[in-house]
Chemist: 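Shown below is the structure under consideration.
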Amino acid sequence: MPEFAELRERMVQRQIEARGITDPAILDAFREVPREAFVSADYASAAYEDHPLPIEARQTISQPYIVALMIAAAGIKPGDKVLEVGAGSGYAAAVMSRIVREVIGIERQHDLVEVARERLKRLGYDNVRIVEGDGTRGCPSEAPFDAILAAASGSHIPKPLLGELAPGGRLVMPIGDPGWAQELVKVTKLPDGRITQESLGGVRFVPLIGEEGWSER
Ligand code: SAM
């Protein structure tokens, strides 16, 4: 069995770089974060496979390539403050924290919040904070954000998130019914406040549950 460092390098090259994401800052961030530390011991040996994996509370840690695609689409850069809605295991937040100034991850499942906070502290990611709550309502105490990424699929783009984007800010999130086809969309708030939207293709995510999302089934 190859070492984790070797598996991680292979993941970066074959799953991310080979699919067209070549920004060195993004590739280096994925090289730095030990994905095996963000899943339970049962799944550590599968941590660098090309698909999502189960985490606590019947949720998932997303496929590495999809995390990279969303990060690239959001165009995050060193001085940015980023909000991740659906922080889950904390992995994507940790990866982004290697690129930007500060990451706030919001997560509705208490058990995941506890585990992610403990893990990020243990690993020394001190520019990431995990907040417990419904991310469809945004995170007013921490706004504005230069970029917002949502790792769960909504019924629509929550208005509070649009309101919390800084001028020039980007929001990337999947939209669509959890059981059906979902579309990854990118919204940009132009410096004059106007909003533009583009489609980045089909994806599959767990549901975004909350006041401006789906209701719990
Ligand atoms: N980015 C995560 C990672 O790196 O592990 C994966 C997140 S998982 C695909 C989606 C997460 O969104 C789940 O943990 C779920 O509990 C959370 N979620 C769903 N609706 C939410 C909401 N309204 N506010 C905050 N978190 C939410």
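Counting starts at 1 for both ligands and their atoms, following the listed order.
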Chemist: Run the side-chain hydrogen bond (donor to acceptor under 3.5 Å, both in side chains) test against Asp50 and tell me which residues pass, sequence neighbours left out.
Modeler: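 So Asp50 forms a side-chain hydrogen bond (donor to acceptor under 3.5 Å, both in side chains) with Arg19, Gln63.
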
Chemist: Taking the inter-plane angle between the rings of Phe4 and Tyr48 on a 0 to 90° scale, is it parallel (under 30°), tilted (30 to 60°) or perpendicular (over 60°)?
Modeler: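 Phe4 vs Tyr48 ring planes: tilted.
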
Chemist: With sequence neighbours left out, what residues match Thr196 under side-chain contact (heavy atoms from CB on, under 4.5 Å)?
Modeler: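 Testing Thr196 for side-chain contact (heavy atoms from CB on, under 4.5 Å), a comparison that skips the adjacent residues, returns Thr188, Leu190.
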
Chemist: Give a yes/no verdict on a cation-pi contact between Arg8 and Phe30, requiring under 6.0 Å between NZ or CZ and the six-membered ring centre and an angle within 45° of the axis.
Modeler: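 Not flagged: Arg8 not positioned over aromatic ring of Phe30.
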
Chemist: List, for ligand 1, each N/O atom that has a protein N/O partner under 3.5 Å away, with both atom names and the distance.
Modeler:
unit_1: ligand 1; atom_1: 1 (N); unit_2: Glu84; atom_2: OE2; d: 2.7
unit_1: ligand 1; atom_1: 1 (N); unit_2: Gly86; atom_2: O; d: 3.2
unit_1: ligand 1; atom_1: 4 (O); unit_2: Ala92; atom_2: N; d: 3.1
unit_1: ligand 1; atom_1: 5 (O); unit_2: Ser89; atom_2: N; d: 3.0
unit_1: ligand 1; atom_1: 5 (O); unit_2: Ser89; atom_2: OG; d: 2.6
unit_1: ligand 1; atom_1: 14 (O); unit_2: Glu107; atom_2: OE1; d: 2.8
unit_1: ligand 1; atom_1: 14 (O); unit_2: Glu107; atom_2: OE2; d: 3.4
unit_1: ligand 1; atom_1: 16 (O); unit_2: Glu107; atom_2: OE2; d: 2.6
unit_1: ligand 1; atom_1: 20 (N); unit_2: Ile209; atom_2: N; d: 3.0
unit_1: ligand 1; atom_1: 23 (N); unit_2: Asp134; atom_2: OD1; d: 2.9
unit_1: ligand 1; atom_1: 23 (N); unit_2: Ile209; atom_2: O; d: 2.7
unit_1: ligand 1; atom_1: 24 (N); unit_2: Gly135; atom_2: N; d: 2.8
unit_1: ligand 1; atom_1: 26 (N); unit_2: Arg108; atom_2: N; d: 3.3

Chemist: Should Val67 and Leu208 be counted in the same cluster of Ile, Leu, Val, Met, Phe, Trp and Tyr side chains packed under 4.5 Å apart?
Modeler: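 In one cluster with Val67: Leu208, no.
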
Chemist: With Asp80, which residues qualify under side-chain contact (heavy atoms from CB on, under 4.5 Å), at least two apart?
Modeler: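 Asp80: side-chain contact (heavy atoms from CB on, under 4.5 Å) contacts with Ile76, Lys77, Val82, Val100, Asp146, Arg170.
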
